[in-house]
Amino acid sequence: QSALTQPPSASGSPGQSVTISCTGTNSDVGGYDSVSWYQHHPGKAPKLMIYEVTKRPSGVPDRFSGSKSGSTASLTVSGLQAEDEADYYCSSYGGSNNYVFGIGTKVTVL
Amino acid sequence: EVQLVESGGGLVQPGGSLRLSCAASAFTFRTYWMHWVRQAPGQGLIWVSRINGDGSSTGYADSVRGRFTISRDNAKNTLFLQMNSLRAEDTAVYFCTRSASSFAKPFDNWGQGTLVTVSS
């Protein structure tokens, strides 16, 4: 199963918004409402930020939001803060006992 | 607080074997599916394997099927990954993560990972 497509990088100034796309197929992103987003600071444990396309786990700021249209999901980070600088990965169930991740997007806070 | 702590990584020669462990605490281990996810140097995350709560059902990525075996000891709250016939392309940080007991559920807690290096 191929990795989901994400832009390699995104950036914004503090207080601005950044949106990251995640494109798959009808066999994964488009076929299930199971898109998740993970924040990863290198050397640390990845952290779940969004699940089931739009839901936020307890403790995740509401600056983080998710959406999906067809086979493309998106993560928006509003009101960028310095601590949001990290790698972000999308993920989807791919059917047939398979899970697929995106290639990752490095978010830089300028 | 949920904790997942991986161990067992290290340097191994191509063709060799290694067994990773993941010690879980602060949650009812047997009620969760457990997974291994890896990240090769400079690359993204790749799902490797999963096991259901009682260990009766497993799944593997095509790249490791037949070489890796996932297992768990619910009495000791520990997840394992037995890795055989290791290749250079298996070099990665291996993360232990959990999900609710169903397909398509998110990975809601992760360990910090253990590094496996396959090199002669």
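Per chain, numbering begins at 1; letters A, B, ... match sequence-line order.
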Give a yes or no on whether B:Arg30 atom CZ has more than 12 heavy-atom contacts from other residues, nucleotides or ligands under 6.0 Å away. no
Minimum heavy-atom distance between B:Lys105 and A:Tyr99, given as atom pair plus value: O-CE2, 4.5 Å
Single-linkage hydrophobic cluster B:Tyr32~B:Ile70, side-chain heavy atoms < 4.5 angstrom: yes
Assigning hydrophobic clusters by single linkage (Ile, Leu, Val, Met, Phe, Trp, Tyr; side-chain heavy-atom cutoff under 4.5 Å), is A:Tyr51 placed with A:Val35? no
Contact class of B:Gln43 relative to chain A, heavy atoms under 4.5 angstrom: backbone
Quick one: what part of B:Ser57 sits under 4.5 Å from any heavy atom of chain A, side chain, backbone, both or neither? neither
Under a 4.5 Å heavy-atom criterion, the part of residues 52-91 of chain A in contact with chain B comprises A:Glu52, A:Tyr89, A:Ser91
Verify the ring-centre separation between A:Tyr32 and B:Phe103: is it less than 6.0 angstrom? no
Shorter than 4.5 Å, heavy atoms on both sides: which option in A:Ser36, A:Pro42, A:Pro46, A:Gly104 has the most such pairs with chain B? A:Pro46
Atom group of B:Leu45 that falls short of 4.5 Å from chain A, counting heavy atoms: both
Part of B:Ser102 within contact of chain A (heavy atom distance under 4.5 Å): backbone
Need one label for A:Ser34: side chain, backbone, both or neither, based on atoms under 4.5 Å from any heavy atom in chain B. both
Which heavy-atom pair separates B:Val37 from A:Phe101 by the least distance, and what is that distance? CG1-CE1, 3.9 Å
Would A:Ile103 and A:Tyr38 show up in the same hydrophobic cluster when neighbours are defined by side-chain heavy atoms closer than 4.5 Å? no
Looking only at heavy atoms, what is the nearest atom pair of A:Ala45 and B:Gly111, with distance? CB-O, 3.2 Å
When rounded to the nearest 0.5 Å, the distance separating CG of A:Leu48 from CZ of B:Phe107 is 10.0 Å
Are B:Phe95 and A:Tyr93 joined in one hydrophobic group, where the rule is that I, L, V, M, F, W and Y side chains link up if heavy atoms are under 4.5 Å apart? yes
Are A:Ile20 and A:Val109 linked, directly or through intermediate hydrophobic residues, by side-chain heavy-atom contacts shorter than 4.5 Å (ILVMFWY only)? yes
What one should report as the nearest heavy-atom pair of A:Asn98 and B:Trp47 is OD1-CZ3, 3.6 Å
